[in-house]
Amino acid sequence: MRFDVVSLFPGVFDSVLDYGVSARALDRGIVRFRTWNPRDYSTDAYQSIDDRPYGGGPGMVMLAEPLEAALAAARADLEREGLNPYVIYFSPRGGRLDQEKVLTLARKPALTLVCGRYEGVDERLLRQSVAEEISLGDFVLSGGEVAALALMDAVIRQLPGVLGNAASALEESFADGLLDGPCFTRPEVWRGVAVPEVLRSGDHAAIARWRLKMSLGTTWERRPDLLARRGMSSDEQGLLDEYRRERGLGDKAI
Ligand code: 9WO
């Protein structure tokens with residue numbers, strides 16, 4: 001899979017992609033990555049990439065022209081490999097990113113991520129060149145770069161051959177629409193709190209059931225919206241009832 005990022009601050013990406021799962025995916029050639037700096041494609045003597053907003057107001061707006069030229073350069077480079085990129089812009093105006101969207105994007109051969117700075121990007125560039133606006137949530141960042149990194153991390157770990165079998169993406173939280181329950185490591189007792197007995201029992205079936213029960217319970221407590229969307233089998237309903245009884249929360253309906 002190929003990522004192209006249009007950003008005024010390409011250095012931001014090195015720091016994160018140099019580590020962990022992303023670094024391994026790049027090393028193995030599963031992921032390829034290039035940045036395109038609109039500054040390198042500005043056409044005036046001052047290398048301008050922004051200008052004052054029509055209608056007045058504070059701050060500056062990114063010019064359409066250098067962004068279009070940077071996008072065209074990325075497109076031309078991709079064209080030579082027969083790739084046609086899906087172009088994304090990051091903004092709180094976009095549709096919320098979730099795991100379903102991540103899996104959809106992971107099937108695309110090339111993603112081009114446009115990162116805004118300052119007060120934003122000339123709307124005409126967005127309408128002309130962007131296929132989709134994506135939001136990470138209802139908050140404001142100083143630029144799209146951190147959002148682009150989050151999306152890349154989430155997509156890369158879904159690509160075949162990136163995670164080992166041990167850490168299969170299919171086994172993770174969200175793969176089955178539930179949150180993860182708690183996890184524990186040594187020591188067996190820490191600050192007077194013991195690790196749940198079942199996890200030290202060696203009974204793998206009992207451990208799997210306990211983990212499912214805790215996942216259901218955690219999702220019910222923290223994200224009832226996820227549980228309502230997903231639904232439960234009667235077996236799972238029974239496990240959740242057990243969780244509620246243990247917590248003294250009764251049999252309140254979702
Ligand atoms: C900022 C903004 C704030 C309120 C309503 C709409 C908005 N759009 C933008 C915007 O597009 N900002 C540009 C990108 C330029 C300034 C930095 N940018 C940005 C992206 N800030 N925050 C995001 C972002 C992206 C994804 N998920 C959450 C926030």
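In listed order, ligands and their atoms are each counted from 1.
Looking at heavy atoms from C-beta onward, Arg75 lies in side-chain contact with Val87 at the 4.5 angstrom threshold.
Residue, atom and distance of the protein heavy atom nearest to atom 6 (C) of ligand 1 are Arg93 CG, 3.8 Å. Looking at atom 26 (C) of ligand 1, its nearest protein heavy atom turns out to be Leu136 N, 3.5 Å. Remark: minimum distance from atom 29 (C) of ligand 1 to any protein heavy atom is reached at Phe139 O, 3.2 Å. The protein atom (non-hydrogen) at minimum distance from atom 14 (C) of ligand 1 is Tyr89 OH, 3.6 Å. Nearest protein neighbour of atom 22 (N) of ligand 1, counting heavy atoms only, is Leu141 N, 2.8 Å. Among protein heavy atoms, the minimum distance from atom 3 (C) of ligand 1 is reached at Val140 CG2, 3.8 Å. Tyr118 O, 2.9 Å is the protein heavy atom nearest to atom 16 (C) of ligand 1. Protein heavy atom closest to atom 20 (C) of ligand 1, with residue, atom name and distance, is Phe90 O, 3.5 Å.
Here Glu119 does not pair with Arg52 in a salt bridge; the nearest charged N to carboxylate O distance is not below 4.0 Å. Ionic pairing of Asp27 and Arg24 is not present here: no N-O contact between side-chain nitrogen and carboxylate oxygen is shorter than 4.0 angstrom. Ion pairing between a basic and an acidic side chain is recognised when a charged N comes within 4.0 Å of a carboxylate O; Arg2 and Asp77 show such pairing. A salt bridge links Glu123 and Arg93; the closest N-O separation between the charged side-chain nitrogens and carboxylate oxygens is under 4.0 Å.
In this structure, Lys213 is not positioned above the aromatic face of Tyr243 in the sense of NZ or CZ being under 6.0 Å from the six-membered ring centre and within 45° of the axis.
At a 4.0 Å heavy-atom cut-off, ligand 1 touches Ser91 through backbone and side chain alike.
Judged purely by distance below 3.5 Å, without hydrogens or angles, the side chains of Glu65 and Tyr41 never pair a donor atom with an acceptor atom.
For Arg230 against Gly177, the heavy-atom pair with the smallest separation is CD-O, 3.8 Å.
Atom numbering of ligand 1 starts at 1 in the shown order; those under 4.0 Å from a heavy atom of Gly120 are 13 (C), 15 (C). The Ser142 neighbourhood of ligand 1 comprises atoms 17 (C), with distances under 4.0 Å to a heavy atom of that residue. When each atom of ligand 1 is checked for a heavy atom of Ser135 under 4.0 Å away, the hits are 26 (C), 27 (N).
Among Gly137, Cys115, Pro92, the residue whose heavy atom lies nearest to atom 7 (C) of ligand 1 is Pro92.
Put simply, the side chain of Ser215 gets close to the backbone of Leu179: a donor and an acceptor are under 3.5 Å apart.
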